[in-house]
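Here is how names work: the chains are called A, B, and so on, in the same order as the sequence lines, proteins then strands, and each is numbered from 1.
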Amino acid sequence: MADDKKLTTRAEDFSAWYNEVVLRAELADYSPVKGSMVIRPNGYGIWERMQRALDDMFKATGHQNAYFPLFIPESFLKKEAQHVEGFAPECAVVTHGGGKELEEPLIVRPTSETIIYHMYAKWVQSYRDLPILMNQWANVVRWEMRTRLFLRTLEFLWQEGHTAHATHDEAEAEALTILKVYRTFAEEWMAMPVLTGLKSDSERFAGALRTYCIEAMMQDRKALQAGTSHNLGQNFAKAFDLKFQTESGEMAHAWNTSWGVSTRLIGGLVMTHGDDNGLVVPPKLAPTEVVIVPIWKADEERVRMTEAAMQLKAELVDWTGRGATDRLRVHVDARQGIKPGAKYYEWELRGVPLRLELGPKDLEKQSVFSARRDTKAKAPIARAGVAESVAKLLETIQHDMFAAAKARREAASVRGVKSYDEFKEIMAGEGAFVYAGWNGDPASEAKVKEETKATIRVIPDAEFRSPTAPSTCLVTGQPAKHEVVWAKAY
RNA sequence: CGGGGCGUAGCGUAGCCCGGUAUCGCGCCUGCUUUGGGAGCAGGAGGUCGCCGGUUCGAAUCCGGCCGCCCCGACCA
C-alpha cells in the first residue's frame with residue numbers, strides 16, 4: 001500500500017523514475033497517437049513561464065514575433081541539399097486534401113527555414129531592408145522512431161528564430177547573442193548549468209555553417225542538448241535566392257541564422273532538479289511558488305485557519321516588493337477530508353518550491369512554518385514582514401538549486417583521462433562529461449560512438465576549457481586540435 | 001523493421017498450465033469519526049477479460065489469425 005504511493009527511485013531505474021514523475025505530477029500524458037503527448041496544465045504552466053521569459057529576452061534583443069504556416073511545399077525542402085538529407089527521413093507528408101490527391105505533396109514543417117527564407121527573399125531588396133530579426137512560437141513535427149515524453153515526441157512546441165543579415169560577421173554576432181540569451185535563461189531561470197560552445201561537424205544542423213549549443217548534464221550523467229543557435233552562412237540564401245543590393249550597388253546573398261529551444265527543456269528541468277519525491281521546480285519558473293496548507297482539528301478551527309490562510313495569501317500577493325507585475329504566486333490548499341501530510345506529499349510531487357504550514361500554534365506565535373522543496377529544510381518565519389522573507393527565501397532556493405546542479409555536474413566531470421581504455425571504462429560504467437583532446441577527424445569521433453555510444457557533445461568555449469589544454473587526441477594519440485566534451489546523450 | 005515482454009474496472013494485478021461467468025490492492029462515491037508527514041470504519045458504484053474466428057453444453061483460460069502497447073537496437077530538438 002505504501003509502495004503504491006512511492007516513486008521508483010532514480011537509483012533503481014532513472015528512466016522509470018522520469019516517466020513516473022512526468023505522469024504523476026501531471027505534466028503530460030500519452031495521447032492515443034503513438035509517440036505524441038498531451039501537455040497538461042501543470043506542464044503547460046511551466047512552458048508558459050519559459051515562453052514569457054524567453055520572449056522578453058528576444059524582444060529586448062530586437063526581435064519580433066511572426067507566424068509562418070504549418071504546411072510547406074515538398075519542393076522547398078529539396079532546395080538545400082544537406083537540409084533535405086537531414087530532414088527528409090523524419091518528415092510527415094500530406095498527400096491528400098479535400099478528398100483529392102494533391103498535385104504537390106505538402107510536408108508538415110520539421111523546422112521552417114525553407115518557407116521563411118522563401119518569404120524573406122520576397123521582402124528583401126536592399127541592404128536597407130536588413131537585418132530581419134524574427135521569431136515564431138510554433139509546433140513542429142518530426143517522425144521519430146523512439147519517443148520519450150518531452151524529450152522526443154512526434155510533435156513538439158518550440159520557438160524558432162530566423163534572421164537575415166548583410167554580412168557574415170553580423171550573422172555570427174547574432175548567433176552568439178542568442179547563445180548568450182539561452183545560457184542566461186538556462187542558468188538564471190531554469191537554474192540549470194550549461195556548457196556553451198560549438199558542435200562538431202557530425203552534430204551540426206543540416207544546412208548550417210556552424211552550430212552553437214547549450215549542453216546540460218542530467219542526473220544520470222547523460223547530456224541533453226538544450227538549445228541550438230546556427231550560423232547558416234549563405235546556404236539558404238543561395239537556395240532561396242535571398243539577395244539584396246549593397247550600398248555600393250552590387251547584388252549579394254544575405255547571411256542567415258536560426259535558433260531554437262523546445263518543450264524538451266521541461267524534460268531537462270525534471271532530470272536536472274527532480275528527486276525521489278518527485279519534481280522540483282525553480283521558483284522563477286514555478287506556476288505556483290508557494291502553497292499554504294492550513295492545519296486544523298475541529299470544524300470551528302477549520303473555518304478560522306482557512307480564513308487565516310486566505311489572509312496570509314492576500315498579504316503575500318499584495319506585496320509589490322518584487323515589482324507590481326511580478327507578484328508572488330500563491331495557492332491555498334484548504335481541501336477537507338485530506339490530511340495535511342497527504343497534501344505535503346502531493347505538492348512535493350508537483351515540485352512547488354516552498355510550502356507554508358499555518359496552524360493554531362503558528363497563529364499564536366505569530367509565525368508560519370516553512371518547508372523548502374529543494375533541501376527539505378524547515379523553519380518558522382515571523383509573520384511580520386512575511387512577504388519579504390518569503391521572497392528572499394525563494395531567491396535563495398533559486399540560487400541554491402543552480403549551485404547544487406552545478407556541483408553535481410562538476411562532480412561527474414572528468415579531466416585528464418590517461419588512455420582510451422580508461423575512457424571506455426568510464427562510459428561503460430556510470431558515465432561522465434569527459435574533457436579530452438580530439439584530432440578533429442570525424443572518423444575518430446565515429447569510432448568512439450560505435451564503441452562506447454558516447455559522442456562529442458560540444459567543443460567548449462574558452463571559459464569551460466581545462467586550465468591546461470590536452471595535447472593529444474584521446475582516440476588516436478595524434479596531436480589534439482580541440483579540447484572536446486564527450487558524453488552519452490539523450 | 002530485427003530481438004525480448006505484455007494486453008483482465010481509472011491504475012496496478014490474481015486467475016490461464018488443469019475450461020464452469022472474474023480476485024485483491026490503490027483510486028472513486030456516500031455516511032460517521034479524523035486532520036502538525038501519505039487517516040479509520042461501514043456501505044456502494046465500476047469489467048464487451050485487446051479484436052475476429054474456431055473447438056466445446058460452456059472460453060479470460062484451449063487453437064488459429066489480427067491489432068495495440070512497452071523495453072532493447074537503427075534515426076533524433
Using a strict cut-off of less than 4.0 Å between a Lys/Arg side-chain nitrogen and an Asp/Glu carboxylate oxygen, indicate whether R52(A) and D55(A) qualify as a salt bridge. no

With the side chain defined as heavy atoms from C-beta on, I295(A) is closest, among A77(B), G36(B), G38(B), to G36(B)

Rounded distance in Å between the P positions of G43(B) and C26(B): 15 Å

Report the residue (G341(A) or Q336(A)) whose heavy-atom-nearest nucleotide on RNA chain B is the more 5′ of the two. Q336(A)

Centroid-centroid under 6.0 Å between W158(A) and W47(A) rings: no

Pair D201(A) + R204(A): basic N to acidic O under 4.0 Å: yes

If I take atom CD1 in residue I338(A) and atom C1' in nucleotide C28(B), what distance separates them, rounded to the nearest angstrom? 13 Å

Across the strands shown, which category fits W296(A) at heavy-atom distances under 4.0 angstrom: base, sugar-phosphate, nothing? base

Salt bridge (Lys or Arg N to Asp or Glu O under 4.0 Å) against R10(A), all qualifying residues, sequence neighbours excluded: D276(A)

Contact list for residues 79-91 of chain A, test salt bridge (charged side-chain N to carboxylate O under 4.0 Å, His left out), sequence neighbours left out: none

In whole angstrom, give me the gap between the P atoms of A14(B) and G4(B). 22 Å

Separation of D333(A) atom CG from U35(B) atom P, in whole Å? 17 Å

Sugar-phosphate, base or nothing in reach of T153(A), heavy atoms under 4.0 Å: base

Sorted by chain and residue number, the salt bridge (Lys or Arg N to Asp or Glu O under 4.0 Å) partners of D275(A) (sequence neighbours excluded) come out as R373(A), K376(A)

Going by the angle between their ring planes, with limits at 30° and 60°, are H63(A) and W259(A) parallel, tilted or perpendicular? perpendicular

Where each pair must be Watson-Crick or G-U wobble with both distances under 3.5 Å, what dot-bracket representation of RNA chain B is obtained, with crossing pairs in [ ] and other-strand partners as |? ((((((((.[[[..)....(...]]].((((((.....)))))).....[[[[[..)....]]]]])))))))....

Contacts to RNA chain B from residues 188-208 of chain A, heavy-atom cutoff under 4.0 Å, which residues? none

Is there aromatic stacking of F156(A) on A77(B) here, judged by a ring-centre distance under 5.5 Å and a plane angle under 30°? yes

Can you tell me how far P in U30(B) sits from the matching atom in A22(B), rounded to whole Å? 27 Å

Nearest-Å distance, CD (E85(A)) to P (C75(B))? 13 Å

Sub-4.5 Å side-chain heavy-atom contact between V270(A) and L27(A): yes

Which whole-number value in Å describes the distance from E144(A) CD to C75(B) P? 11 Å

Sorted by first residue and then second, give each salt bridge (charged side-chain N to carboxylate O under 4.0 Å, His left out) pair with at least one member in residues 206-215 of chain A; sequence neighbours left out. E172(A)-R210(A), K199(A)-E215(A), E215(A)-R457(A)

NA contact type, L224(A), heavy-atom cut-off 4.0 Å: base, sugar-phosphate, or nothing? nothing

Any side-chain N or O of K339(A) below 4.0 angstrom from OP1/OP2 of U34(B)? no

Heavy-atom contacts under 4.0 Å between residues 263-271 of chain A and RNA chain B, which residues? R264(A)

Looking at R372(A), R355(A), K343(A), which one forms a salt bridge (charged side-chain N to carboxylate O under 4.0 Å, His left out) with E348(A)? R355(A)

May I have the list of side-chain donor-acceptor pairs in residues 184-197 of chain A shorter than 3.5 Å, sequence neighbours left out?
unit_1  : atom_1 : unit_2  : atom_2 : d
T184(A) : OG1    : K180(A) : O      : 2.9
E187(A) : OE2    : R183(A) : NE     : 2.9
E187(A) : OE2    : R183(A) : NH2    : 3.4
T196(A) : OG1    : D461(A) : OD2    : 2.6

K365(A) NZ to G36(B) C1', straight-line distance once rounded to whole Å: 10 Å

Name of the residue among F76(A), F236(A), F68(A) meeting ring pair (Phe, Tyr, Trp, His ring centres under 6.0 Å) with H118(A): F76(A)

Got a sec, which pairs hit ring pair (Phe, Tyr, Trp, His ring centres under 6.0 Å) with one end in residues 363-385 of chain A, sequence neighbours left out? none

Scan residues 344-363 of chain A against RNA chain B and write down, sorted by residue number, each residue with any heavy atom closer than 4.0 Å; if none is found, say none. Y344(A), Y345(A), E348(A), R355(A), E357(A), G359(A), P360(A), K361(A), D362(A)

Show every ring pair (Phe, Tyr, Trp, His ring centres under 6.0 Å) that has at least one partner inside residues 271-295 of chain A, sequence neighbours left out. none

Between CD of E364(A) and P of G36(B) the distance, given in whole Å, is 18 Å

Euclidean distance for C1', G3(B) against U8(B) (whole angstrom): 27 Å

Atom NZ of residue position K406(A) - does it have more than 12 heavy atoms of other residues, nucleotides or ligands inside 6.0 Å? no

Using a 4.0 Å heavy-atom cut-off across all strands, classify F369(A) as base, sugar-phosphate, or nothing. base

Between A59(B) and C49(B), how far is it from one P atom to the other, in whole Å? 11 Å

Show me, pair by pair, the donor-acceptor contacts under 3.5 angstrom made by side chains of residues 36-46 of chain A, not counting sequence neighbours?
unit_1 : atom_1 : unit_2 : atom_2 : d
S36(A) : OG     : S31(A) : OG     : 3.1
S36(A) : OG     : V33(A) : O      : 2.8
N42(A) : ND2    : A25(A) : O      : 2.9

Roughly how far apart, to the nearest Å, are G40(B) and G25(B) at atom P? 13 Å

Taking G20(B) as the reference, what is the distance to U61(B) when you measure between their P atoms (whole Å, please)? 11 Å

C1' gap between C66(B) and G7(B), integer Å: 14 Å

Please classify the nucleic acid contact of K378(A) as base, sugar-phosphate, or nothing, using heavy-atom distances under 4.0 Å. base

Please state how far atom CD in E450(A) lies from atom P in G73(B), giving the value in whole angstrom units. 13 Å

Using the closest heavy atom to pick a nucleotide of RNA chain B for each, name whichever of G35(A) or S262(A) lands nearer the 5' end. G35(A)

Protein-nucleotide distance (R24(A), atom CZ; G27(B), atom P), rounded to Å: 12 Å

